[in-house]
Amino acid sequence: MKRYLDHNATCPPVREALDAMLQAASEASGNPSSLHWAGRAARRVVDDAREALARYVDCESGSVVFTSGGTESNNIAIHSVLSTCKPGRIVTTAIEHPAVLKPLQQFVAEQPADAGWELIQVRPDQSGVVSADQMIRSVSDDTRLVCMMLVNNESGAVQPVQPVAAHCRERGVPMLVDAVQALGKGDVHFRHLDVDFMSLSGHKIGGPKGVGALLVRRGVRLHELTPGGGQERGRRSGTENVPAIAGFAAALGVIDFAAQAPVRDAFEQQLKTEIPEAEIIAEDALRTANTSLVVLPGMDGETMLMQLDLDGFAVASGSACSSGKREASHVLLAMGIPDMRARSSIRVSFGPTSSMDDAQALVAALVSVRRRLKGMAGLAA
Ligand SMILES: Cc1ncc(COP(=O)(O)O)c(C=O)c1O
């Protein structure tokens, strides 16, 4: 039996999204930039989706720039700010997704060492939450950009973005909020946060892959990453992916991730009963209801993932592949978890099709994998 428990990686498209995509692809197949009837029909689909997204995240429809996903949204915002400002400080957290960390690190690495750029990566506490105070204290007079995620993709820990956003607003410092893992799982209010930029992605909420949005505060100029035909009001060139945009809008609000709390909690409860040394990461933090990041000491995360895969479970391991070698999760390392423990983690992220039976079966599978692995290592189970 196949059990998909990796919804933070991607959430299979919901029926509403598939229907909307098919309809847009077949009935609105013109180019939205064309002035004739076929173009106007496609334009209508894009405009309706823009309105729907704007309503859902509480922003003006003019703030919505459709992109190919969270990675592109983050890159556009970062490039737009950093390519046009004087050298100075960039403040972010040590637990951002690589779609934020990599462009920032790469940008700074490419500047002359004496140019005056500095990248501050604020570490979280032991529960996986970055202190708002520490972020605020890191914002200096010469800070050019602040980047902070709303929800961490590995632990599900909600980050205190609001006070940091208020401080940045007061100081006139541009701020990018990566809300990719927050959409559909908690409150995402662009107007309320009052930041310059916010990144969103379609496939984390049951929409299609390869579509997302960058929300841009009114009056903030966006410098294009890939200049071209001037679509999206000159802010993101390239013919719009009309079916994907329609699917993204149709998926908004369909999945109630909060409803996964009983399944996630049952999984963690049973896991701790069966494997008492299991550690639930960010257990004491405010977390999204579908996410469970667990450390099982002595068990390699990747091996667990592969063994579970053989049993039909799809989960994620807390390690990432970088330059061909496996590295422990930068999120866990930033939390102060030792390398060996960090490598012994798996992330389970439940979704709309997950059941109590999945939770129970996964615990049973983990117990059996643990027995097998310990047996192979010649240790008593
Ligand atoms: C927090 C966060 N930001 C950005 C991304 C990248 O989004 P996309 O896959 O749409 O490029 C992800 C994807 O996992 C994410 O979890």
Side-chain angles (χ1 to χ4, degrees), residues 4-13 17 53 57 64-79 92-106 121 124 128-130 146-159 161 175-186 188 193 195 197-215 225-226 236 238 241 244-245 247-249 251-252 255 257 281-282 285 287-288 290-293 314-322 329-332 334 347-351:
Y4 185 78
L5 303 173
D6 198 11
H7 291 81
N8 285 11
T10 194
C11 189
L53 180 58
V57 296
V64 177
V65 177
F66 285 116
T67 66
S68 66
T71 302
E72 187 192 346
S73 298
N74 285 330
N75 273 272
I76 295 177
I78 289 169
H79 164 84
T92 190
T93 81
I95 58 169
E96 294 301 303
H97 189 273
V100 166
L101 283 182
K102 287 265 170 74
L104 292 179
Q105 289 163 349
Q106 194 173 315
Q121 298 180 50
V129 179
V130 174
V146 173
C147 304
M148 192 174 184
M149 60 185 2
L150 201 45
V151 167
N152 183 262
N153 46 301
E154 294 189 26
S155 67
V158 178
Q159 305 300 317
V161 164
M175 181 166 179
L176 162 66
V177 171
D178 180 341
V180 166
Q181 290 289 345
L183 191 67
K185 297 177 184 141
V188 177
L193 271 185
V195 289
F197 308 102
M198 180 181 279
S199 298
L200 305 169
S201 177
H203 70 111
K204 309 291 183 183
I205 61 158
K209 295 164 189 60
V211 66
L214 177 65
L215 309 183
L225 198 54
T226 48
R236 195 271 185 176
N241 186 345
I245 288 171
F248 180 15
L252 292 166
I255 297 176
F257 284 97
I281 301 298
R287 278 185 296 159
T288 44
N290 76 316
T291 307
S292 189
L293 179 61
V315 300
S317 79
S319 58
C321 193
S322 162
S329 145
H330 71 285
V331 173
L332 292 174
R347 181 191 66 189
V348 185
S349 45
F350 297 97

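One-based numbering, in listed order, for ligands and for the atoms of each. This one's a predicted model, so the numbers in the text were calculated from it and none came from an experiment.
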Could you tell me the residue and atom name of the protein heavy atom closest to [atom], and the distance to it rounded to 0.1 Å?
atom                    : answer
atom 8 (P) of ligand 1  : Gly70 N, 3.5 Å
atom 6 (C) of ligand 1  : Thr71 OG1, 3.4 Å
atom 3 (N) of ligand 1  : Asp178 OD2, 2.6 Å
atom 9 (O) of ligand 1  : His203 NE2, 2.9 Å
atom 16 (O) of ligand 1 : Gln181 NE2, 2.9 Å
atom 15 (C) of ligand 1 : His97 CD2, 3.2 Å
atom 10 (O) of ligand 1 : Ser201 OG, 2.6 Å

**Message:** Please find the pair of heavy atoms, one from His7 and one from Pro12, that lie closest to each other, and give the distance.
**Reply:**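 That closest heavy-atom pairing would be CD2-CD, 3.8 Å.
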**Asked** Between Ala314 and Tyr4, which heavy-atom pair has the shortest distance, and what is it?
**Response**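 Heavy atoms of Ala314 and Tyr4 come nearest at CB-CD1, 3.8 Å.
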**Asked** Is there a side-chain contact (heavy atoms from CB on, under 4.5 Å) between Val146 and Leu176 once you walk through the steps?
**Response** CA-CA 6 Å; Val146 173; Leu176 162 66; over 6 Å; no
Which atoms of ligand 1 have any heavy atom of [X] under 4.0 Å away?
X      : result
Asn153 : 1 (C), 16 (O)
Gly69  : 10 (O)
Met149 : 1 (C)

Any side-chain to backbone donor/acceptor pair from [X] onto [Y]? Under 3.5 Å, distance only.
X     : Y      : answer
Ser73 : Ala213 : yes
Asn8  : Asn153 : yes
Glu72 : Val211 : no

**Request:** Please step through side-chain contact (heavy atoms from CB on, under 4.5 Å) for the pair Asn152 and Leu293, ending with a clear verdict.
**Result:** CA-CA 11 Å; Asn152 183 262; Leu293 179 61; 5.8 Å; no
**Message:** Contact between His97 and Val180 at the side-chain level, heavy atoms closer than 4.5 Å - yes or no?
**Reply:**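 The answer is no, as the side chains (C-beta and beyond) never meet within the 4.5 Å cut-off.
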**Asked** Any non-hydrogen atom of Glu72 lying under 4.0 Å from ligand 1?
**Response**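 So Glu72 does not count as touching ligand 1.
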**Request:** Please state whether Lys204 comes within less than 4.0 angstrom of ligand 1, counting heavy atoms only.
**Result:** yes
